[in-house]
Amino acid sequence: MRVFAVDPTNPDPETIADAAARLRVGELVAFPTETVYGLGANALDAAAVERIYAAKGRPSYNPVIVHVPHTDAARRVVTSWPQSAAKLAAAFWPGPLTLVLPKSSDIPDAVSAGLPLIGVRVPAHPIALALLRAARVPVAAPSANKSNQLSPTMAEHVVRGLADVDGVILDGGPCAVGIESTVIDLSGDVPMLLRPGGVSIAALESVLGVRLQRAASIGLADAARRSPGALDRHYAPRARVRMVAAGDAVALATTIDALRSDGVRIGLLAYSDFDLPFGEDVVVRMLPTRAESYASALFAALHELDDAGVSAIVVETVPDIPIWDAVRDRLKRAAG
Ligand code: TXA
Ligand code: MG
């Protein structure tokens with residue numbers, strides 16, 4: 001992929017126009033959003049969308065989110081716009097929230113993986129918004145990584161992960177939120193959480209005035225039907241991941257010792273101050289103790305540990321409280 005640097009505070013109109021033209025003729029364009037980098041294609045062009053699946057090695061049953069520059073454009077890709085959608089769009093767009101609603105027939109089945117529903121969102125990133133406005137077509141974009149690997153929060157992650165792919169990358173620096181959008185299905189009677197993410201469940205429930213249903217509460221088979229990609233092992237580094245209890249120095253030392261062997265290095269992702277003599281074979285990445293800052297730094301830290309060639313990553317469990325929901329979800333999936 002070819003990389004073009006773009007200043008997020010002042011995206012160069014020519015670079016944006018060129019990338020938009022590429023999208024319109026069916027090429028792939030990776031671009032930054034506030035959550036993670038997306039791998040974009042014209043959502044009205046089934047062949048272009050197929051190129052996303054091929055580039056990622058994404059299973060054909062996993063639908064792709066459509067990105068649009070404003071709420072009016074979102075309403076054009078769906079066939080119903082309930083009160084709940086109006087409220088959430090007004091409160092959280094542009095932002096890290098994806099709404100799942102009945103799909104308009106203009107959108108090819110490749111985007112929704114054959115489902116009658118489509119996920120749509122307005123991202124809060126100046127480069128993404130400039131690109132979407134210039135493209136004048138809805139843009140299908142999953143995270144710009146190979147299927148089941150870590151999401152990219154920097155252009156370098158995209159370059160390394162999708163080196164063999166034809167297309168361009170707009171490099172706008174690191175993504176601020178660092179974790180993917182929250183996905184909510186509004187097609188049923190009760191709004192259902194399909195994936196925790198950048199907008200907290202508490203914030204959504206307070207705007208909606210109802211409790212969200214959890215996909216987990218409807219059983220595995222139904223949840224898989226509602227959001228086919230949501231159950232896969234995901235967001236996973238190459239190294240295997242072992243979780244240890246928060247702040248438990250003894251469990252941490254035991255786990256590291258058990259993983260130790262000659263010539264291998266072990267990664268550690270922690271936020272507590274353990275003050276242990278870890279040894280030179282342990283590559284330590286300390287993360288912030290605030291959930292939002294932790295989320296923002298998480299994927300880049302996992303990418304770094306993978307790049308350091310560690311054979312395993314020991315991860316300190318995060319607090320079991322709602323503000324950590326999205327991070328806890330990603331760590332659970334990384335651990336497989
Ligand atoms: O923050 C994000 O959402 C990023 C940026 C690029 O926007 N995108 C992203 O896309 O994370 P992806 O494809 O990696 O994850 C999309 C998730 C999957 O779990 C998928 O199953 C679900 O959203 N999804 C998408 N369309 C859906 C639909 N029509 N019905 C149910 N679930 C859907
Ligand atoms: Mg993804």
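All ligand and atom numbering here is 1-based and tracks the order in the structure.
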| said: When you compare ligand 1 with Thr33, is there at least one nitrogen or oxygen pair between them that comes in under 3.5 angstrom? | reply: no
| Any donor-acceptor N/O pair, Arg195 side chain to Ser181 backbone, under 3.5 Å | yes
| query | Should Asp166 and Arg51 count as an ion pair when the cut-off is N to O under 4.0 Å? | reply | no
| Heavy-atom count around Lys146 NZ within 6.0 Å, excluding the residue itself: above 12? | yes
| Quick one: which ligand 1 atoms are inside 4.0 Å of a heavy atom on Leu115? | 30 (N)
| Going by the atom numbers of ligand 1, which of them fall below 4.0 Å from some non-hydrogen atom of Glu180? | 1 (O), 2 (C), 11 (O)
| Could an N or O of ligand 1 be found under 3.5 Å from any N or O of Arg195, whether backbone or side chain? | yes
| field | Closest to atom 3 (O) of ligand 1 (judged by heavy-atom distance), picking from Ala113, Ser187, Ser181 | value | Ser181
| query | Do ligand 1 and Thr98 have nitrogen or oxygen atoms that lie under 3.5 Å from each other? | reply | no
| In terms of side-chain geometry, is the basic nitrogen of Glu205 or Arg214 positioned less than 4.0 Å from the acidic oxygen of its partner? | yes
| request: Start with the C-alpha gap between Asp72 and Arg76, add the side-chain angles, then the distance that decides, and say whether salt bridge (Lys or Arg N to Asp or Glu O under 4.0 Å) holds. | output: CA-CA 7 Å; Asp72 283 347; Arg76 275 180 244 133; 5.3 Å; no
| task | Scan side-chain atoms only and decide if Glu180 and Ser143 contain a donor-acceptor pair under the 3.5 Å cut-off. | result | no
| message | Just so I know, are the side chains of Arg121 and Thr35 near enough to count as touching, which here means a heavy-atom distance under 4.5 Å? | response | yes
| task | Look at atom CD1 of Ile323 and say whether more than 12 heavy atoms of other residues, nucleotides or ligands are closer to it than 6.0 Å. | result | no
| said: Just to be sure I read this right, does ligand 1 sit under 4.0 Å from the backbone of Ser143, its side chain, both, or neither, counting only heavy atoms? | reply: both
| query | Just distances here: any N/O of Asn62 and N/O of ligand 1 closer than 3.5 Å? | reply | yes
| field | Contact check: Ser143 to the Mg ion (ligand 2), N/O/S below 2.8 Å | value | yes
| With only distance considered, is Thr35 within less than 3.5 Å of ligand 1 through an N or O on each side? | yes
| said: Could you tell me, atom by atom, which parts of ligand 1 come under 4.0 Å of a heavy atom of Val100? | reply: 30 (N)
| said: Any nitrogen or oxygen of His67, side chain or backbone, less than 3.5 Å from one on ligand 1? | reply: yes
| query | Looking at Gly119, which atoms of ligand 1 are within less than 4.0 Å of one of its heavy atoms? | reply | 26 (N), 29 (N)
| task | Just let me know how Ile118 lines up against ligand 1, side chain, backbone, both or neither, with a heavy-atom cut-off below 4.0 Å. | result | backbone
| note | Filtering Leu117, Val64, Asp185 for the heavy atom nearest atom 29 (N) of ligand 1 leaves Leu117
| query | Does ligand 1 have an atom under 4.0 Å from some heavy atom of Lys103? | reply | no
| task | Would you check, one step at a time, whether the test side-chain contact (heavy atoms from CB on, under 4.5 Å) holds for Trp93 with Leu99? | result | CA-CA 10 Å; Trp93 281 354; Leu99 303 180; 3.7 Å; yes
| note | Contacts of Phe274 meeting ring pair (Phe, Tyr, Trp, His ring centres under 6.0 Å) (sequence neighbours excluded), chain-then-number -> none
| query | CD of Glu292: more than 12 outside heavy atoms within 6.0 angstrom? | reply | no
| task | Decide whether Ile179 and Leu269 are clustered together by the hydrophobic rule: side chain heavy atoms of Ile, Leu, Val, Met, Phe, Trp, Tyr closer than 4.5 Å, transitively. | result | yes
| Atoms of ligand 1 close to Leu194 [distance to a heavy atom under 4.0 angstrom, numbered from 1] | 31 (C), 32 (N)
| task | Nearest heavy atom to atom 6 (C) of ligand 1 wins, so pick from Ala30, Gly38, Gly95. | result | Gly38
| Between Lys56 and ligand 1, which residue portion shows a heavy-atom distance shorter than 4.0 Å: side chain, backbone, both, or neither? | neither
